[in-house]
2 protein chains.
Amino acid sequence: MPTIYDVAREAGVSAATVSRVLNGAQTVDPAMVARVLTAVRELGYRPNAVARNLRRSRTTLWAVIISDIGNPFFTATVRGIEDVAQQAGYSVVLCNSDENPAKEETYVAAALSEQMAGVIIASSGSVKAAKSLLESPIPVVAIDRELPRGVVDTVVVDNVAGARMGTEHLLAAGYRRIACITGPKGVSTADLRLRGYTEALPGQPEQERIVVRTDFREQGGYDAMASLLSSSDRPDAVFVANNLMTVGALRCLAERGVDVPGEMGLVGFDEIPWADLVRPSLTTVAQPTYELGRMAARLLVDRIATPSAKAATVVLPAELRPRQSSTR
Amino acid sequence: MPTIYDVAREAGVSAATVSRVLNGAQTVDPAMVARVLTAVRELGYRPNAVARNLRRSRTTLWAVIISDIGNPFFTATVRGIEDVAQQAGYSVVLCNSDENPAKEETYVAAALSEQMAGVIIASSGSVKAAKSLLESPIPVVAIDRELPRGVVDTVVVDNVAGARMGTEHLLAAGYRRIACITGPKGVSTADLRLRGYTEALPGQPEQERIVVRTDFREQGGYDAMASLLSSSDRPDAVFVANNLMTVGALRCLAERGVDVPGEMGLVGFDEIPWADLVRPSLTTVAQPTYELGRMAARLLVDRIATPSAKAATVVLPAELRPRQSSTR
DNA sequence: ATGAAAGCGCTAACAA
DNA sequence: TTGTTAGCGCTTTCAT
């Protein structure tokens, strides 16, 4: 691989001049510019970003650490992030923690070691990863889930209101024994959506509420629904706190021939791209995912520009999309 | 941020010793090791990977450039790649080209500048990106689609056989006017799946085959199906060459109340996570996605170890998953 | 407007 | 076993 000195020799100038040309300095003689660019082309020279980053003590890469690459919620959010990043001159590298705190810690460590310009993270709940980030000087924006013990820029949806909306919708449709399937304790989305569900059932004594906690994945939703179906106080409707668990629940119901929405009403948090293609179509609480990504990216751009500014929390609205699975 | 010299001073040793300890050299006095590790902890020292990479002239990052992060095919493949990469000591950074050659070129340029240890790419068709990669010394593995004009390690599925299988399945079910919706000319998957479709209809004169080309996205599939429905020689079945287009086609059929499989048979290439949840459930030609990712990653590990070895092409089998949409 | 020279933080010869 | 030293490729004062 040719270096900047090879180009300098070829063009008969100093390395400093090559650097100036390549970085668009205005103080270079046009004739020099031409000579340098010719040499660059002839040698197939490509600047070594590693050396540049070391010298400048900064990079133009963002790490976006998400907890499940198979979740459509994140894919839409990533698009929003990318669009803003690209405009601001950053490239986005995606890291998939797979809801695995150990993986998350590995990726956080890599992002810090690689001196990434910023990190956007949907925490899988790792306190260690959060601590590393908070102790580092690297700008961080939390999305979807709050960073454990962290005071950083954050973009979330109104989980409580959204969950309340979904549950109240089931009540209004005439369901009476409404259960909730939610995620792990300590993950903010799981806890807040559970709170929204609880708030929607104000008259109910604590023990009347039927709550199952599992992970945020499809198999978890499947198992949770199975246990609800075979329990002695079987519910007549379920509010499920994320999309993948909703898919699992739906698959369980389909396999056992349970009639939805007749025997069992269903509302899921998070939109699903094909919610309108299944029969019955799925009622969901939708988030403005693309907008969420854009907002997070904008906060990160601002944070990089002004590291000392006060941390902001942006709460975006969720929206009920009523379909067949909750209408009997 | 503390540097290796801060640690050295704190521990009362030289920077070289700190480096040795951190890199697990066996030739260091245990007492030194302890002192160094204490200093590291006290200072919260974190090695600067940029400096290390510059010095070593290599990194431990792989760039995985995929053409659509929203496509379940890729998410499953990425999991396979990640699992092998992690075991081999590499981290995976994901780059989403969004079927956009310009974006792809940007990410390829970044991967080369950042001196990534290797690249796994599903080409969006950019000849320029392919050229940059082939001219560079960086190890490359192509997945899903062949790299334009490239002789590199490649992992693909048997597209021709899979498409033939899907089309023959429709023939066997009694459909007679079978159309094909495929992707852009020049993208190998689009062309090879079209060939498989063509091979399955040997008796048909050229003009009897009904072929629509569009992009590989949902809207493309929707539009293509709409045009087929309103054409004078409306088909009674369609073979669709990828999953996202199949979803679009399905949505179009649902909106217009066309009975599937009665009025219109449907087979899609690529599995879809919820193919069995829609009504009618979707017949698909499934690829071993996770295995494909693992294989690509293994090839990349080998290629990094032995840069001069001959390029290999691995062809994995596709598998028909018959469901309701093709059974009348 | 251009060049010489220092140095970003680390690793790896080489010397001791 | 440990330290000294050079240098990875680039940018950026500083001097001219």
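Below, chain A is the first sequence line, B the second, and so on; all start at residue 1. Values below: all heavy atoms of this structure, side chains included; hydrogens, waters and symmetry mates excluded. Because the structure is a prediction, the values reported are computed rather than measured.
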A:Tyr45 OH - D:dG9 C1' separation (whole Å): 7 Å

d(CD, B:Gln115; P, D:dC8) in whole Å: 14 Å

Nucleotide of C:dG3, C:dT11, D:dT12 approaching A:Val13 most closely (side-chain heavy atoms): C:dG3

A:Arg20 side chain, from C-beta outward: closest of D:dG9, D:dT13, C:dT11: D:dT13

Interatomic distance, A:Arg56 CZ vs C:dG9 P [rounded to whole Å]: 16 Å

Among C:dT2, C:dT11, D:dG3, the one nearest A:Thr27 by side-chain distance: C:dT2

side-chain N/O B:Ser19 vs C:dT11 OP1/OP2, d < 4.0 Å: yes

Rounded distance (Å) that lies between atom P of D:dC10 and atom CZ of A:Arg46: 12 Å

Separation of D:dG9 P from B:Arg52 CZ (nearest whole Å): 18 Å

Under-4.0 Å side-chain N/O to phosphate OP1/OP2 contact, A:Asn48 with D:dC8: no

CD-OG distance between A:Glu104 and A:Ser124, expressed to the nearest 0.5 angstrom: 3.5 Å

Residue met sooner reading DNA chain C from 5', once A:Val28 and A:Ser57 are mapped to nucleotides: A:Val28

Whole-Å distance separating the CG atom of B:Leu54 from the P atom of D:dT11: 12 Å

Touch class at under 4.0 angstrom, heavy-atom based, for A:Asn53 against every strand present: nothing

Pair B:Glu105, B:Ser126: side-chain N/O donor-acceptor within cut-off below 3.5 Å: yes

Quiz item: A:Arg55 side-chain donor-acceptor pair to C:dG9 base, under 3.5 Å: no

Which residue lies more 5' along DNA chain D, comparing B:Met32 with A:Ala51 via nearest heavy atoms: B:Met32

Electrostatic pair B:Asp191:B:Arg145 at N-O distance under 4.0 angstrom: no

Given D:dT2, D:dC8, C:dA12, the nucleotide with the shortest approach to the side chain of B:Ala16: C:dA12

Nearest-neighbour nucleotide for the B:Thr17 side chain, C:dT2, D:dT2, D:dT11 considered: D:dT2

Candidate nucleotides C:dT11, C:dG3, C:dT2, ranked by approach to the side chain of B:Ile4 - the nearest: C:dT11

Gap between atoms OH and P, on A:Tyr5 and C:dA4 respectively (whole Å): 10 Å

A:Arg303 side chain to A:Ala309 backbone, donor-acceptor under 3.5 Å: yes

Between D:dC8 (P) and A:Asp6 (CG): distance, integer Å: 11 Å

Distance-only polar pair, side chains of B:Asn53 and B:Gln115, donor-acceptor under 3.5 Å: no

Phosphate contact (C:dG3 OP1 or OP2) by A:Ser14 side-chain N/O below 4.0 Å: yes

NZ/NE/NH1/NH2 to OD/OE distance under 4.0 Å, B:Asp153 and B:Arg298: no

